[in-house]
Asker: 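Sharing a structure, written as structure tokens. Questions coming.
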Amino acid sequence: MPTAGRSPMKYFTVEEDRTPLYTGVITGSHKWGLPGVDTCPACGATWGDNSRAYPSVDLTSVASLAEFTDPWAVPIEEYERMCELVRPFLPPGALLEPGTTLGPAVGTAVGRFGQLMTSYPSWLLVQREALEKLQAEGVQGLKGVPTQLRFRQRNSPEFFELELLPVGRLHADCLPPDREPPCPRCGRVALSLPAERLLDAATLPSHLDVFRLEDFSNVLVCTERFAKACKRLKLDGVVFNPVPISRPKKRASPVK
């Protein structure tokens, strides 16, 4: 909650800088992942979403490791069984959904990159020096995981992926009033990301300066503290677009 006498924290989405200066392209995926769900018995959907990732997870000790290397859709009972195998390895606060990816980012990279980079499917990468500077600035919740990217160039950057927990939600005022609730079995939300977004102030974390939304995990959000630190340190590669937050409802005065 904002402190009395201080302005409330401002928030921004973290998005790719599309200027011609940055030509970097990454082709790859995380080392492991959960499958999608094939025909959920509750909602009938076949789906998976790979925008939610936990790069710090190490599944090498899992006996059935081969099951996590192909993102095929499976019956929901099989998906739920695999979730239980993964759950002991998750970081605190992690949430699973069909298609969640795990382990370090693996692949190839080429081109010119900034100090930070965000790319499909919603990774947020930061070079080692930039990460150390942000941590020294006191930015909260920065957990960088080394990537396993192969660069096709000399003097290649050393990228870490920030592990972004799913917290915070969009406010009901920017969503369709007749929307369906999430599926009680598979968790699918049958909603498109609204063009005009409003963050629900009651759901925003106080201990993280950068995170992904819980209900739209492809949306990366940061606090004003994170955005200002990047600007002060002249860290390039991403842009910050302001996103409004809902105002807390005033409590009714007691009747005397």
Side-chain angles (χ1 to χ4, degrees), residues 9-31 49-56 91 101 103-168 193 195 197 199 204-205 208-213 216-244:
M9 179 70 75
K10 295 179 182 178
Y11 290 83
F12 300 81
T13 54
V14 185
E15 301 179 25
E16 179 184 4
D17 189 335
R18 298 180 181 274
T19 57
L21 181 63
Y22 305 103
T23 61
V25 175
I26 292 175
T27 303
S29 61
H30 291 96
K31 198 166 187 177
D49 184 350
N50 65 349
S51 62
R52 190 174 290 183
Y54 304 108
S56 70
T101 56
V106 178
T108 59
V110 63
R112 188 188 186 284
F113 297 88
Q115 291 291 306
L116 294 93
M117 179 190 182
T118 180
S119 65
Y120 175 84
S122 301
W123 301 355
L124 183 54
L125 307 183
V126 56
Q127 294 192 35
R128 175 188 287 275
E129 183 180 3
L131 176 59
E132 292 172 350
K133 289 180 178 179
L134 287 169
Q135 290 172 333
E137 288 282 316
V139 176
Q140 300 181 98
L142 296 186
K143 183 178 181 180
V145 180
T147 64
Q148 296 180 8
L149 299 173
R150 302 185 307 277
F151 286 82
R152 301 173 181 173
Q153 62 206 51
R154 294 182 179 178
N155 302 319
S156 58
E158 183 182 5
F159 269 126
F160 287 69
E161 181 180 359
L162 293 184
E163 188 162 70
L164 305 179
L165 294 175
V167 288
L193 181 65
R197 297 156 203 171
L199 297 177
L204 299 176
L208 298 174
D209 282 322
V210 60
F211 50 94
R212 66 175 74 250
L213 293 185
F216 291 94
S217 55
N218 60 327
V219 178
L220 310 185
V221 176
C222 74
T223 63
E224 185 177 19
R225 184 185 298 110
F226 182 90
K228 282 187 172 181
C230 289
K231 183 176 181 180
R232 185 166 55 251
L233 295 169
K234 298 181 179 179
L235 304 182
D236 59 351
V238 299
V239 294
F240 301 102
N241 293 314
V243 56

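Since we're looking at a predicted model, the values are computed, not measured. This chain uses plain numbering: 1 for the first residue, then up along the sequence.
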Asker: Kindly indicate whether the side chain of Leu235, heavy atoms from C-beta on, has any atom under 4.5 Å from the side chain of Val126.
Answerer: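 A side-chain contact is absent here, since even the closest heavy-atom pair is not under 4.5 Å.
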Asker: Does a side-chain heavy-atom distance below 4.5 Å link Leu162 with Trp123?
Answerer: no
Asker: Less than 4.5 Å apart, any side-chain heavy atom of Tyr54 and any of Pro91?
Answerer: yes
Asker: Can you measure from CD (Gln115) to CD (Gln127) and round to the nearest 0.5 angstrom?
Answerer: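 The distance works out to 4.5 Å.
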Asker: Is any side-chain heavy atom of Leu164 closer than 4.5 Å to one of Leu124?
Answerer: yes
Asker: Assess whether a salt bridge exists between Lys133 and Glu129, defined as any Lys/Arg side-chain N lying under 4.0 Å from an Asp/Glu carboxylate O.
Answerer: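 Looking at Glu129 together with Lys133, the answer is yes, because their closest N to O distance falls below 4.0 Å.
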Asker: Please lay out, stage by stage, how Leu204 and Val167 fare under the test side chain to side chain contact (heavy atoms under 4.5 Å, CB included).
Answerer: CA-CA 7 Å; Leu204 299 176; Val167 288; over 6 Å; no
Asker: Centroid separation under 6.0 Å, is that true for the rings of Phe113 and Phe151?
Answerer: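 Yes.
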Asker: Pairing donors with acceptors under 3.5 angstrom, does anything connect the side chains of Ser56 and Glu163?
Answerer: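 Yes - a donor-acceptor pair under 3.5 Å links their side chains.
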Asker: Can you check side chain to side chain contact (heavy atoms under 4.5 Å, CB included) on Leu233 and Leu134, steps first, answer last?
Answerer: CA-CA 8 Å; Leu233 295 169; Leu134 287 169; 4.0 Å; yes
Asker: Establish, yes or no, whether a centroid distance under 6.0 Å links the rings of Phe226 and Phe12.
Answerer: no
Asker: Treating Thr223 as the side-chain partner and Tyr11 as the backbone partner, does any N or O pair qualify as donor plus acceptor under 3.5 Å?
Answerer: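 No, Thr223 side chain to Tyr11 backbone: no donor-acceptor pair under 3.5 Å.
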Asker: When rounded to the nearest 0.5 angstrom, what is the spacing between CG in Leu220 and CG in Leu213?
Answerer: 8.5 Å
Asker: So which atom in Pro55 and which in Val145 form the shortest heavy-atom distance, rounded to 0.1 Å?
Answerer: O-CG1, 3.5 Å
Asker: With a 4.5 Å limit on heavy-atom distance, are the side chains of Pro166 and Arg52 in contact?
Answerer: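 Counting from C-beta outward, Pro166 and Arg52 do come under 4.5 Å.
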Asker: Look up atom CD in Glu16 and atom OH in Tyr22, then write down how far apart they are to the nearest 0.5 Å.
Answerer: 11.5 Å
Asker: For Leu199 and Val221: C-alpha separation, side-chain torsions, deciding distance, then whether side chain to side chain contact (heavy atoms under 4.5 Å, CB included) applies.
Answerer: CA-CA 10 Å; Leu199 297 177; Val221 176; 4.1 Å; yes
Asker: Using modelled atom types only, decide if a donor and an acceptor are shared between the side chain of Arg197 and the backbone of Pro244 within a distance under 3.5 Å.
Answerer: no
Asker: Side-chain contact test, heavy atoms from C-beta onward, threshold under 4.5 Å: evaluate it for Thr108 versus Arg152 and give yes or no.
Answerer: yes
Asker: With no hydrogens and no angle check, just 3.5 Å: does a side-chain donor-acceptor pair link Asn50 and Thr101?
Answerer: no
Asker: Rounded to the nearest 0.5 Å, what separation is found between the CZ atom of Phe160 and the CG atom of Leu142?
Answerer: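 So the CZ of Phe160 and the CG of Leu142 are separated by 12.5 Å.
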Asker: Could you measure the distance from the CZ atom of Arg112 to the CG atom of Leu21? Nearest 0.5 Å is fine.
Answerer: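 The CG atom of Leu21 is 4.5 Å from CZ of Arg112, to the nearest 0.5 Å.
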Asker: Is any side-chain heavy atom of Asp209 closer than 4.5 Å to a side-chain heavy atom of Cys222?
Answerer: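 Not in contact.
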Asker: Give the minimum heavy-atom separation between Val106 and Lys31, together with the two atoms involved.
Answerer: CG2-CB, 4.3 Å
Asker: Within the distance-only criterion (no hydrogens, no angle test), does the side chain of Arg128 pair as donor or acceptor with the backbone N or O of Pro146 below 3.5 angstrom?
Answerer: no
Asker: Work out which heavy atom in Gly103 is nearest to a heavy atom in His30; give both atom names and the distance.
Answerer: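 Looking at all heavy atoms of both residues, the closest pair is O-CD2, 3.0 Å.
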Asker: Are Arg232 and Glu137 within salt-bridge range, i.e. N to O under 4.0 Å?
Answerer: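 Salt bridge between Arg232 and Glu137, a charged N being under 4.0 Å from a carboxylate O: yes.
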Asker: When you compare the side chain of Leu116 with that of Leu125, does any pair of heavy atoms fall below 4.5 Å?
Answerer: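 Leu125 does not reach Leu116 side chain to side chain.
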Asker: In Å, rounded to the nearest 0.5 Å, how long is the span from CD1 of Ile26 to OG1 of Thr147?
Answerer: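 Output value for this atom pair is 7.5 Å.
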Asker: Please check this pair: side chain of Arg212 against backbone of Ser217, looking for a donor-acceptor N/O pair closer than 3.5 Å.
Answerer: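 Yes, the answer is positive, given that a donor and an acceptor are paired below the 3.5 Å cut-off.
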Asker: Around atom NZ of Lys228, are there more than 12 heavy atoms of other residues, nucleotides or ligands at under 6.0 Å?
Answerer: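 For Lys228, atom NZ is not crowded (no more than 12 foreign heavy atoms under 6.0 Å).
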